[in-house]
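Let me begin by presenting the structure, written as structure tokens, before commenting on it.
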Amino acid sequence: MSSQIPCSQIPCVLRVIRQIMGRRIPMTQLVLNIRSASPSAIAALDRHCRKRVSDGTASRIDPSRSHLNRVLVGDEAGVSASLKNWFQRTKARRPTRQADRPYVTLVVGPGLGFVDEGGSLADFNSAALEWLRTQAGDDIVHAELHLDETSPHMHVVVAPTYERKKRIPGRRKKAETEGEFQARRAAAAEGPGTRTVGRASTHWGQRGAYDRLRLSAVEALSPLGIEYGRSRKRGEARTARSTRAWVEDQAVALDERAETVQRRGDLVIRVGDKLQREGERLKKARAELAADRARLEQAVRAFYELNSRLRGVMRALADGVRRLRREVPSEGLRPKARQALNEAISQFETTLEQAGIDMKYAAQGADETLNQAVERADEVLPNSEVATPPRGKP
């Protein structure tokens, strides 16, 4: 037969001990509020912990007692500073953008009347921190004790982490043997993972996890006279909700909306800047292309003029050769001289004819090059004011 006392029977045992020994043992209900939290909620909690001013809500902050508050885990500068330092220390990978609420926040308190009934707040803090370390370990980012409100309590931030490993391949590569494929799968399964923040992939994200945590907390804190408080059933409406809780929820919702609007605004600004830079680059490219087109057309026009002059010179030379052939008397020349003259004239005519052909092909090539350049320019400059010069026959 087990000698352990069930968790549900511990309060009754404590009452009996109190009656027998006449010792004053406090009997209060545990205050334990567990919530998944977004980065905006963490920022809102950071402001709540740093700015201790009387806001007229149910929390009834007393600024004259704020000096009694103290940080139990983390940085004195606040929750955000603790989270930043925690990431630097643990080298953990930040949650993905798809993770809606990757963190967990807890409010842990002994309940009203605990100190008045003779309970030791130091013992409660020590036991509560020990319980938190068993549940979260090194994932605890920040824990801060508040003694300037209606009842003493701790704010705790947890960054649940898991080992994120590479995806196990599901099919073989091309030309990969079965042995190589299985070795690659084994390497991916047994390889070291990366510590990553993500509540959904840990026991914090399992169904019924918060109820199990409350039972575990009561079991750990019951020796101090802490009972299980009434938990809200699934589908049951919230009752006796404080104004501060509503204000905090609204502040978190507004922060999330503002963060979303800010991200969208930054995206619009970045897209606008990119479009402006692309427009300026396109405008510059159009101007350079227009200038290149104008220079090309000017060069082709000069080529056509030079080609026309050279063809005129060639025609004049051809007429001179024909006139020379007609007018030079052949009777007074010796046969060898006459033959040499005829060969020189024939060679000159051949050279002129070949030069005309080469110039014709050169003009055709220049014409084709200009047409291609103009077509490419028209694709970018459809409304260009640069006109194509008239071209005559080469």
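As the structure is a prediction and not an experimental result, all values here were calculated from the model. Throughout, residue positions are numbered sequentially from 1 according to the sequence presented.
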Pairing of [X] and [Y] as salt bridge, 4.0 angstrom limit:
| X | Y | answer |
| --- | --- | --- |
| Glu278 | Arg281 | yes |
| Arg50 | Glu144 | no |
| Asp266 | Arg263 | no |
| Glu178 | Arg172 | yes |
| Asp138 | Arg195 | yes |

Work out which heavy atom in [X] is nearest to a heavy atom in [Y]; give both atom names and the distance.
| X | Y | answer |
| --- | --- | --- |
| Gly109 | Phe124 | C-CZ, 3.4 Å |
| Leu106 | Val158 | CD1-CG2, 3.8 Å |
| Tyr103 | Arg199 | O-CD, 4.0 Å |
| Asp100 | Pro39 | O-CD, 4.4 Å |
| Ser151 | His153 | O-ND1, 3.0 Å |
| Pro152 | Pro110 | O-CD, 3.4 Å |

Rounded to the nearest 0.5 Å, how far apart are [atom1] of [X] and [atom2] of [Y]?
| X | Y | atom1 | atom2 | result |
| --- | --- | --- | --- | --- |
| Asp139 | Leu132 | CG | CG | 12.0 Å |
| Leu224 | Leu121 | CG | CG | 10.5 Å |
| Arg257 | Leu254 | CZ | CG | 6.0 Å |
| Leu215 | Tyr210 | CG | OH | 15.0 Å |
| Ser120 | Asn125 | OG | CG | 8.5 Å |
| Asp62 | His146 | CG | NE2 | 13.5 Å |

Full working for side chain to side chain contact (heavy atoms under 4.5 Å, CB included) between Arg214 and Val218: CA-CA 6 Å; Arg214 291 187 181 94; Val218 170; 5.6 Å; no
Does [X] share a hydrophobic cluster with [Y], counting links as ILVMFWY side-chain heavy atoms below 4.5 Å and allowing steps through other members?
| X | Y | result |
| --- | --- | --- |
| Leu129 | Trp86 | no |
| Ile226 | Met154 | yes |
| Val141 | Val108 | no |
| Ile34 | Leu145 | yes |
| Ile140 | Leu213 | yes |

Measuring only between side-chain heavy atoms, which start at C-beta, is [X] closer than 4.5 Å to [Y]?
| X | Y | result |
| --- | --- | --- |
| Glu288 | Lys284 | yes |
| Arg164 | Thr96 | yes |
| Val157 | Leu45 | yes |
| His142 | Leu83 | no |
| Thr161 | Thr202 | no |
| Arg212 | Gln206 | yes |
| Phe87 | Arg94 | yes |

Between Gln135 and Ser216, a side-chain donor and acceptor under 3.5 Å: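 Yes, a side-chain donor-acceptor pair sits under 3.5 Å.
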Donor-acceptor contact present, side-chain [X] to main-chain [Y], <3.5 Å:
| X | Y | result |
| --- | --- | --- |
| Asp46 | Ser80 | yes |
| Thr134 | Trp131 | yes |
| Ser126 | Asp123 | no |

Candidate pair Arg184 and Glu176, rule side chain to side chain contact (heavy atoms under 4.5 Å, CB included), full reasoning: CA-CA 10 Å; Arg184 190 159 57 90; Glu176 184 180 34; 3.0 Å; yes
Aromatic contact, His48 with His155 (centres under 6.0 Å):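 Here the rings of His155 and His48 have centres that are less than 6.0 Å from each other.
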Show me the side-chain donor-acceptor pairs of residues 67-76 shorter than 3.5 Å, one per line, residues at least two apart or across chains.
unit_1 : atom_1 : unit_2 : atom_2 : d
His67  : ND1    : Ser64  : O      : 3.1
Asn69  : OD1    : Leu147 : N      : 2.7
Asn69  : OD1    : Asp148 : N      : 3.4
Asn69  : ND2    : Asp148 : OD1    : 3.3
Asn69  : ND2    : Asp148 : OD2    : 3.1
Asp75  : OD1    : Ala77  : N      : 2.7
Asp75  : OD2    : Asn85  : ND2    : 2.7

Residue Arg89 excluded, over 12 heavy atoms near CZ under 6.0 Å: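 More than 12 within 6.0 Å, yes.
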Arg185, CZ atom: more than 12 neighbouring heavy atoms under 6.0 Å: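 Atom CZ in Arg185 is crowded, with more than 12 foreign heavy atoms closer than 6.0 Å.
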